[in-house]
Amino acid sequence: MRMSINEAVELIENAPLYELGRLAYEKKLELHPKKITTFIIDRNINYTNACFVDCKFCAFYRHVDEKDAYVLSFEEIDKKIEELLAIGGTQILFQGGVHPKLKIEWYEALVEHIHTKFPQVTIHGFSAVEIDYIARVSKISVREVLARLQKKGLYSIPGAGAEVLSDRVRELVAPRKCTTQQWLDVHKSAHEMGIKSTATMMFGTLETTREIVEHFEFLRQLQDETGGFRAFILWSFQGANTRLKAEHPEIKKQSSVRYLRILAVARLFLDNFKNIQSSWVTQGSFVGQLALKFGANDLGSTMMEENVVKAAGASFRMCKEEMVELIRDIGETPAVRNTNYDILEMC
């Protein structure tokens, strides 16, 4: 019998923390009995910070006419990829602002350039929000955007832009962003075309606990239908330097306990997701390690470069050696993976 929305809300709000962690850890071990905790060596490349969406929770974006707005040149991107390859990286997480003037031809040229010059690098790029806008500004369908980018070398898409899949919340925090259904439709189309993706959630703004669990339900239903999500990633809103925090001073920084509660219930509710990441980037290494006892089986990325969360006040960093030590410290076995969650190296 699957967990219901009401049961999940009750667990998040009232279950004893230790008991919740135990249940989530047992569920994790059913899926990962060898106690192997994975991570990937990759780099975030934000190809532009120019964005028309004006998300109130974002401190990274600039309007296209601001003096510090940028679009990276292909040469600048090449240099970043070469630095990644030098430390054994295998993937670039490629995303930017939603640039109001860049159309499908620019993105095709970019993906083709990277895939041709660095065929060994996996391109994990472009959120549903970006893809939806590229389709609109280029006057083509979402499926055509995906097909054209896939042909040029796009491998998979990240789950960014989900925040909380509630149109009530989205209207409050990012009224120009695509709707819940549009976000889901982009991922569904990608999955149907053989493009896998990840699913995410940013909590801690103006949502209710029930809306958090309804977000889980949307993901579980789509995963039942397509099986196209590789992993779920959860993080908390970072409010420094953001308009949302200024407009809503009642928003409080989410506690580590709240993060662990929601993570544990995600592991229990999302019974068709094999992989759940720990968000040490927003929580720090200690809570990131604790998350491995609350259902997470993956530490995400070494984050050679991260600009968006850093702009909002979080600046945690970890190298490969620190990740390996952190995983071993709780009696699990560290391993480097690729985008597919295939193990490349046991550490």
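We're numbering straight along the sequence, starting at 1.
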Open item on the list: Assess whether a salt bridge exists between R148 and E105, defined as any Lys/Arg side-chain N lying under 4.0 Å from an Asp/Glu carboxylate O.
Closed with: yes
Task: 4.5 Å side-chain heavy-atom contact, K177 and W183 - done: no
Open item on the list: Grouping I, L, V, M, F, W and Y whenever their side-chain heavy atoms are under 4.5 Å apart, do I45 and V71 come out in a common cluster?
Closed with: yes
Task: Value rounded to 0.5 Å, distance of CE in M202 from CH2 in W235 - done: 8.0 Å
Task: Contacts of type side-chain contact (heavy atoms from CB on, under 4.5 Å), residue E321, not counting sequence neighbours - done: C319
- [ ] Kindly indicate whether the side chain of Q182, heavy atoms from C-beta on, has any atom under 4.5 Å from the side chain of V129.
- [x] no
TODO: May I ask you to test the E207-S166 pair for a side-chain heavy-atom distance under 4.5 Å?
DONE: no
Open item on the list: For E345, give me all partners under side chain to side chain donor-acceptor pair (under 3.5 Å), at least two apart in sequence or on another chain.
Closed with: K320
- [ ] Start with the C-alpha gap between S301 and Q277, add the side-chain angles, then the distance that decides, and say whether side chain to side chain contact (heavy atoms under 4.5 Å, CB included) holds.
- [x] CA-CA 9 Å; S301 164; Q277 282 187 23; over 6 Å; no
Task: Gap between atom CD1 of I12 and atom CG of L260 - 0.5 Å precision - done: 12.0 Å
TODO: Check whether any side-chain heavy atom of L270 lies under 4.5 Å from a side-chain heavy atom of Q223, and answer yes or no.
DONE: no
Open item on the list: According to a hydrophobic-cluster definition based on side-chain heavy atoms being under 4.5 Å apart (Ile, Leu, Val, Met, Phe, Trp, Tyr only), do I330 and L326 belong together?
Closed with: yes
TODO: Please name all residues satisfying ring-ring contact (aromatic ring centres under 6.0 Å, His included) with Y155, sequence neighbours left out, ordered by chain then number.
DONE: none
Open item on the list: Who clusters with L29? Use side-chain heavy atoms, under 4.5 angstrom, across I, L, V, M, F, W and Y, and order the result by chain and number.
Closed with: Y25
Task: Any residue meeting side-chain contact (heavy atoms from CB on, under 4.5 Å) with A8, in chain and number order, not counting sequence neighbours - done: M3, V213, V265, F269
TODO: Using the test ring-ring contact (aromatic ring centres under 6.0 Å, His included), find all partners of Y47 that sit at least two apart in sequence or belong to another chain.
DONE: F94, W106, Y107, F126
Task: K79 and E76 ion-paired at < 4.0 Å - done: no
TODO: Please name the pair of heavy atoms, one in L102 and one in V137, separated by the smallest distance, quoted to 0.1 Å.
DONE: O-CG1, 3.6 Å
Task: Test side chain to side chain contact (heavy atoms under 4.5 Å, CB included) applied to I327 and L299, step by step - done: CA-CA 9 Å; I327 294 164; L299 273 184; 3.7 Å; yes
Task: ring-ring contact (aromatic ring centres under 6.0 Å, His included) against H115, all qualifying residues, sequence neighbours excluded - done: none
Open item on the list: Does K293, at its NZ atom, have more than 12 non-hydrogen atoms belonging to other residues, nucleotides or ligands within less than 6.0 Å?
Closed with: yes
Task: Least distance between heavy atoms, F273 atom then R267 atom - done: O-NH1, 3.2 Å
Task: Passing option when H215 is tested against L234, L165, T180, T200 for side-chain contact (heavy atoms from CB on, under 4.5 Å) - done: L165
- [ ] Say whether, by atom type as modelled, one donor and one acceptor occur between the side chain of E171 and the main chain of R168 under 3.5 angstrom.
- [x] no
Per-pair distances, 0.1 Å, donor-acceptor, side chain in residues 33-40, under 3.5 Å, sequence neighbours excluded:
{"residue": "T37", "atom": "OG1", "partner": "E332", "partner atom": "OE1", "Å": "2.3"}
{"residue": "T38", "atom": "OG1", "partner": "D298", "partner atom": "OD1", "Å": "2.5"}

Task: Where I114 and I123 come nearest, the two heavy atoms and their spacing - done: CG2-CD1, 3.8 Å
Open item on the list: Run the side-chain contact (heavy atoms from CB on, under 4.5 Å) test against S156 and tell me which residues pass, sequence neighbours left out.
Closed with: H124, R230, T339
Open item on the list: Are I212 and V257 connected into the same hydrophobic cluster when the rule is that any two of I, L, V, M, F, W, Y join if their side-chain heavy atoms are below 4.5 Å apart?
Closed with: yes
TODO: Can you see which heavy atom on L146 is nearest to which on S189, and at what distance?
DONE: CD1-CB, 3.9 Å
TODO: For the pair E30 and K27, evaluate salt bridge (charged side-chain N to carboxylate O under 4.0 Å, His left out) and give the outcome as yes or no after the intermediate values.
DONE: CA-CA 5 Å; E30 287 178 19; K27 184 65 176 179; 3.6 Å; yes
Open item on the list: Quick one, Y259 with F294, criterion ring-ring contact (aromatic ring centres under 6.0 Å, His included). Give me CA distance, side-chain angles, the key distance, then yes/no.
Closed with: CA-CA 10 Å; Y259 166 75; F294 279 75; 9.1 Å; no
Open item on the list: Going by ring-ring contact (aromatic ring centres under 6.0 Å, His included), name the residues that satisfy it together with H113, two or more places apart in sequence or in a different chain.
Closed with: F74
TODO: Name all residues meeting the side-chain contact (heavy atoms from CB on, under 4.5 Å) criterion together with S197; count only those two or more places apart in sequence or in a different chain, and write none if there are none.
DONE: I157, H187, H191, F229
TODO: Could you please spell out the steps behind the side chain to side chain contact (heavy atoms under 4.5 Å, CB included) verdict for K80 and I77?
DONE: CA-CA 5 Å; K80 289 177 181 289; I77 291 168; 5.6 Å; no
Task: Under 3.5 Å donor-acceptor, K152 side chain and L110 backbone - done: no
- [ ] Report, as yes or no, whether the 6.0 Å neighbourhood of atom CD on E325 holds more than 12 heavy atoms from other residues, nucleotides or ligands.
- [x] no
Open item on the list: Any salt bridge linking R136 with D132? Criterion: basic side-chain nitrogen under 4.0 Å from a carboxylate oxygen.
Closed with: yes
TODO: Test T122 against N340 for side chain to side chain contact (heavy atoms under 4.5 Å, CB included), laying out the working first.
DONE: CA-CA 10 Å; T122 301; N340 291 332; over 6 Å; no
Task: Within-4.5 Å side-chain heavy-atom neighbours: V169 and F203 - done: no
Open item on the list: Within the structure provided, determine whether K139 and K103 are in side-chain contact (heavy-atom separation under 4.5 Å).
Closed with: no
TODO: First locate atom OG of S285, then atom CG of D329, and finally report the distance between them rounded to the nearest 0.5 Å.
DONE: 10.5 Å
Open item on the list: Does any part of the side chain of T90, heavy atoms only, come nearer than 4.5 Å to the side chain of Q120, both counted from C-beta?
Closed with: no
Open item on the list: Are W280 and Q289 packed together at the side-chain level, in the sense that at least one heavy-atom pair is separated by less than 4.5 angstrom?
Closed with: no
Task: Over all atoms of both residues, closest heavy-atom pair of G295 and I276 - done: O-CB, 4.3 Å
Task: Rounded distance [0.5 Å steps], OG1 in T209 versus CD1 in I5 - done: 13.0 Å
Task: Verify same cluster id: I87, M323 (apolar side-chain graph, 4.5 Å) - done: yes
Task: N44 side, atom CG; L93 side, atom CG - distance, nearest 0.5 Å - done: 4.0 Å
- [ ] Please assess T226 against E192 for the test side chain to side chain donor-acceptor pair (under 3.5 Å), listing each intermediate value before the final yes or no.
- [x] CA-CA 7 Å; T226 68; E192 289 172 347; over 6 Å; no
TODO: Provide the closest heavy-atom pair for F237 versus G204 in the form atom of the first, atom of the second, distance.
DONE: CD2-O, 3.6 Å
Task: Partners meeting salt bridge (charged side-chain N to carboxylate O under 4.0 Å, His left out) with E26 (sequence neighbours left out) - done: R22
Open item on the list: What's the separation between atom CD in Q221 and atom CG in N272, rounded to the nearest 0.5 Å?
Closed with: 10.0 Å
